[in-house]
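Below is one structure, written out as structure tokens; comments come after it.
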2 protein chains.
Amino acid sequence: MISPLSSKMIRFSKKVEYALMALKFISASNPRLVTAREISDKVNIPYDLLSKILQRLKSEKILSSTQGTHGGYLLASSPDKIFLYEIMRAIDGDRALTECLISGKEGECGLEDSCSIKSPVTKLQKEVEELFKSKTISDFV
Amino acid sequence: MISPLSSKMIRFSKKVEYALMALKFISASNPRLVTAREISDKVNIPYDLLSKILQRLKSEKILSSTQGTHGGYLLASSPDKIFLYEIMRAIDGDRALTECLISGKEGECGLEDSCSIKSPVTKLQKEVEELFKSKTISDFV
DNA sequence: TTGAAAGCGGACTAATCAAGTCCTATTTAG
DNA sequence: CTAAATAGGACTTGATTAGTCCGCTTTCAA
């Protein structure tokens, strides 16, 4: 929150952090409908930013929402069916250890064929993904 | 290299990418002394940047160097003893999934005790670290 | 039927950081 | 003593993240 000179790589974005905290809160409040305002207050996340995050999670079918006066959010499925990998993907988009491993962006490296580390990094990438696919919201309780 | 609008999180920094390529090159040239210039040319890495990286790897005892006219770099130990984790640490410094998991920066979050996800993220952090500790330069050949 | 409370969402700003550059030592072989 | 190499500080730039602002739509209830 205050954190000035942060560190490096292999980090959750703040958005993902916030998403995890919010999802945990929503999960814990189940089956009550929870508003962005409430989460923002209780968990101490900037309201506008949180709103965007929740909307994103909604549009990616991780949350369901109801609009209007007594609206709010609910988990769209049970906590043990919501995978960290999907959350990260929903919020930060496709990601990989290197640019060239993201599908659709393969041609942009310049090294490509001559790239000496592509194949081993691909393997590592898979392992990292597996790790994130193995975690669900219920692991964060 | 060209890569304009890149993606997100869970990425190697370019520096780490370059380090891996350079280390692989040096490893493959063993026991010949290799210069930064040669690596820069052959592997297509900006010379100045590469120099810094190699110097860093040297100061972290991953490489050994000799200065002067016929100077250059060598692996400081055998490829299977040089761990990815150490390389990343040498170049990007301490890193973790969240700010608050980096030792010495624990107090900067503002949530801290009330933080709802710290303990599960800590566990995940360990798993990621294990993954990076399990890889060595020899895996990148 | 209207106003307040909620979600929806685009556009913008500010701060941070990675990537890359530049410049000047220092070391050493020939 | 000069050229080729490592060593390393300081700086610039551009991209990306984090956060803000503003207006719209939906829904409920007085």
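Just the heavy atoms: all of them, side chains too, but no hydrogens, waters or symmetry mates, feed the values below. So you know, we letter chains A, B, ... as the sequences are listed, proteins then strands, and number each from 1.
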Quiz item: Taking C-beta and beyond as the side chain, do A:Ile91 and A:Ile87 meet within less than 4.5 Å on heavy atoms?
Solution: yes
Quiz item: Mind checking what makes side-chain contact (heavy atoms from CB on, under 4.5 Å) contact with A:Tyr85, not counting sequence neighbours?
Solution: A:Arg89, A:Arg95, A:Glu129, A:Phe132, A:Lys133
Self-check item: Spacing of A:Ile45 atom CD1 relative to D:dT20 atom P, expressed in whole Å
Solution: 13 Å
Self-check item: Side chain proximity check, B:Ile39 to B:Leu50, heavy atoms < 4.5 angstrom
Solution: yes
Quiz item: Looking only at atom types and distance, does a side-chain atom of B:Ser40 sit under 3.5 Å from a main-chain N or O of B:Ala36, one as donor and one as acceptor?
Solution: no
Quiz item: Can you tell me if the side-chain N/O atoms of B:Tyr18 get under 4.0 Å from OP1 or OP2 in C:dG20?
Solution: yes
Quiz item: Roughly, in whole Å, what's the span from CZ in B:Arg56 to P in D:dG8?
Solution: 10 Å
Practice problem: Compute the bend angle of the helix from C:dT1-D:dA30 to C:dG30-D:dC1 from the end axes (five pairs per end), rounded to 10°. | Solution: 0°
Please tabulate, for the side chains in residues 57-79 of chain B, all donor-acceptor contacts under 3.5 angstrom to protein atoms that are two or more places apart in sequence or on a different chain.
{"unit_1": "B:Lys58", "atom_1": "NZ", "unit_2": "B:Ser65", "atom_2": "OG", "d": "3.1"}
{"unit_1": "B:Ser59", "atom_1": "OG", "unit_2": "B:Arg56", "atom_2": "O", "d": "3.1"}
{"unit_1": "B:Glu60", "atom_1": "OE2", "unit_2": "B:Arg56", "atom_2": "NH2", "d": "3.4"}
{"unit_1": "B:Ser78", "atom_1": "OG", "unit_2": "B:Asp80", "atom_2": "OD1", "d": "2.6"}

Tell me which donor-acceptor pairs under 3.5 Å the side chains of residues 19-33 of chain B have, and how far apart each pair is, sequence neighbours excluded?
{"unit_1": "B:Lys24", "atom_1": "NZ", "unit_2": "A:Ser116", "atom_2": "O", "d": "2.6"}
{"unit_1": "B:Lys24", "atom_1": "NZ", "unit_2": "B:Phe140", "atom_2": "O", "d": "3.4"}
{"unit_1": "B:Lys24", "atom_1": "NZ", "unit_2": "B:Val141", "atom_2": "O", "d": "3.3"}
{"unit_1": "B:Ser29", "atom_1": "OG", "unit_2": "B:Phe25", "atom_2": "O", "d": "2.8"}
{"unit_1": "B:Arg32", "atom_1": "NH1", "unit_2": "B:Glu38", "atom_2": "OE1", "d": "3.1"}
{"unit_1": "B:Arg32", "atom_1": "NH2", "unit_2": "B:Glu38", "atom_2": "OE2", "d": "3.1"}

Quiz prompt | Nearest-Å distance for atom pair CD1/P, residues B:Ile39 and D:dA5 | solution = 12 Å
Quiz item: How close or far is atom P of D:dA5 from atom CG of B:Asp41, stated in whole angstroms?
Solution: 10 Å
Exercise. Please state how far atom NZ in A:Lys15 lies from atom P in D:dG19, giving the value in whole angstrom units.
Key: 10 Å
Self-check item: Heavy-atom side-chain contact between B:Lys15 and B:Ile53 under 4.5 Å
Solution: yes
Quiz item: A:Leu33 has an atom CG; how far is it from atom P of D:dT27, in whole Å?
Solution: 13 Å
Quiz item: With the sugar-phosphate defined as primed atoms, P, OP1 and OP2, and the base as all remaining atoms, what B/S/- string results for nucleotides 1-11 of chain C, 5' to 3', for protein heavy atoms under 4.0 Å?
Solution: ---BBSSBBBB
Exercise. Taking side-chain contact (heavy atoms from CB on, under 4.5 Å) as the test, write out the residues that go with A:Glu127, two or more places apart.
Key: A:Lys123, A:Leu124, B:Leu131, B:Lys135
Exercise. Can you tell me the distance, in whole Å, between the CG atom of B:Leu63 and the P atom of D:dA5?
Key: 17 Å
Exercise. Taking the side chain as every heavy atom from C-beta outward, state whether A:Tyr18 and A:Ser13 have any pair of such atoms under 4.5 Å apart.
Key: no
Quiz item: Rounded to whole angstroms, how far apart are CG on A:Asp92 and P on D:dT16?
Solution: 12 Å
